[in-house]
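Reviewing the structure listed below.
All values below come from the heavy atoms of this structure, side chains included, with hydrogens, waters and symmetry mates left out.
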Amino acid sequence: MSLTYPSPASGTVPATDATAAPRTYQVRTFGCQMNVHDSERMAGMLEAAGYVPADGAQADVVVFNTCAVRENADNKLYGNLGMLAPIKEANPGMQIAVGGCLAQKDRETILKKAPWVDAVFGTHNVGALPALLDRARHNNEAQLEILESLDVFPSTLPTKRDSVYSGWVSISVGCNNTCTFCIVPALRGKEKDRRPGDILAEVQALVDDGAIEVTLLGQNVNSYGVEFGDRQAFSKLLRACGEIPGLERVRFTSPHPAAFTDDVIDAMAETSNVMPQLHMPLQSGSDKVLRDMKRSYRSAKFLGILDKVRAKIPHAAISTDIIVGFPGETEEDFQATLDVVEQSRFATAFTFQYSKRPGTPAADLPDQLPKAVVQERFERLTALQDRIAAEENAKQLGRRLEVMVTAQSGRKAEETHRLSGRSQDQRLVHFSVPAGAPAPRPGDLVTVTVTEAAAFHLVADPATPADYSLRRSRAGDAWDRAQADSCGAPAPGSTGTTGKTGVSLGMPSLPVRSR
């Protein structure tokens, strides 16, 4: 579907005009890792079309990549659009585009509520963004283009990676499940699987560019292969990643408990670069609520999977998603969730209050719970999970951990002079470098001993230089190259996978708190 609307002051000079200075862009991302990865594609498409990152200045083009999962998604988008309206009025050549799940869902509504928006595009036509912007400027009309099915697989598009030392790789898009609380299948469509050779080629390209960590992405990542009829395709893919020289860390998100099979557990345990970390969405510990959610597993199966994983990978850190206050959830149902959380010993959890989303079956269920009840249960759950996380982290005291250094530091970094990184099991570690010891670069690996533990992070302050070791990596070298490149003028039309990103994340892709 493609529609046009009158567009206020969109300007008349196309981005490809060689006589004009390159137009700048910023991508603002809300939502999950899939959206973060889609934003890398949007940035890559814009740079291929000649745009350059705004790097903190007011951008000529602002793109919102939206999420429709939470109830406040609409308010967040329209609040941001409202703040940009006077800025755009003062800058007639500025353009605003809205893409992602909320755009796929709301379509014409966005242009009716915010007629100063220039382009609206959906989850299936990310690659149309530059053309829509050019068309809006040329025609002085807002462009709306929403496809009902995938145009091209996003991984075939140019990409501006958010990191030089680690990267996302989509192995599938869409979802075949019918969870009653979830609007994603309606917005991203049925599952489409990439061929294994294409996935491994992208992973190899990332490694060639210096990355040492890759996260495989799918709405239900472990159902990979359903489209071409291979039930063990995902475990085979994990093992194949283990054969790629230079790839040191492999992760994946998010699996579905109903499709989580023993061959995947075996592949995790037997493939040396698959990390001892698992994100396994629980959603509820009540079998009744799981039935109402149309989650095709029960609490006993879920706990059995965790037992099998820990039997094969004793130090695995397991995280989860939990929804509190689903329609009809009784106090007994909620207690069942607390009981499963206590038994599961999650390292961390994404905990959400149920959000009624129009278009989902759950929105029409009876017995929608009062906000006060949901809030009180949410607070009890997060208090329990915070206690468990602190106890699990306390078990790390005295352990030697290999930590991959990240570009982001903790909130107190200036005060503590600590750097930050992620351990193999994905725990956040703040560490200090002993006086006289060489400092690491993002992407390098340090081995440190844990000296303090809190609920949401670990601390490693080496008492002596002997407690700290540094392994300089290819990823660190790639970071140095990217920093050197960023000192010069950005190259218009660059489609490389390294360099400073133009993606501004609306929420962290990895949480350090459970609430």
I'd like to check the side-chain contact (heavy atoms from CB on, under 4.5 Å) partners of A97; sequence neighbours left out, ordered by chain and number. V63, A119, F121, L129, L133
According to the interplanar angle, ranging from 0 to 90°, do the rings of H430 and H457 count as parallel (below 30°), tilted (30 to 60°) or perpendicular (above 60°)? tilted
Aromatic plane relationship, F30 with F64 - under 30° parallel, 30 to 60° tilted, over 60° perpendicular: parallel
Does CD in Q58 sit with more than 12 non-hydrogen atoms of other residues, nucleotides or ligands closer than 6.0 Å? yes
Write down the atom of [X], the atom of [Y], and the distance for their closest heavy-atom approach.
{"X": "V221", "Y": "L217", "result": "CG2-C, 4.1 Å"}
{"X": "Q408", "Y": "S420", "result": "O-CB, 3.4 Å"}
{"X": "T360", "Y": "T180", "result": "CB-O, 3.3 Å"}

Using the test ring-ring contact (aromatic ring centres under 6.0 Å, His included), find all partners of [X] that sit at least two apart in sequence or belong to another chain.
{"X": "F252", "answer": "F234"}
{"X": "Y224", "answer": "F228"}
{"X": "F326", "answer": "Y354"}

side-chain hydrogen bond (donor to acceptor under 3.5 Å, both in side chains), that's the test. Do S223 and E191 meet it? Break it down for me. CA-CA 9 Å; S223 65; E191 181 173 327; 2.8 Å; yes
If the condition is side-chain hydrogen bond (donor to acceptor under 3.5 Å, both in side chains), which residues does R249 pass it with, not counting sequence neighbours? none
Evaluate the side-chain hydrogen bond (donor to acceptor under 3.5 Å, both in side chains) criterion for residues Y25 and R23: first the C-alpha distance (whole Å), next the side-chain angles of each, then the deciding distance (0.1 Å), finally the verdict. CA-CA 7 Å; Y25 77 91; R23 285 169 61 78; over 6 Å; no
Does a side-chain N-to-carboxylate-O contact under 4.0 Å join D106 and K113? no
Quick one: side chain to side chain donor-acceptor pair (under 3.5 Å) pairs with a partner in residues 210-219, sequence neighbours left out? E213-R251
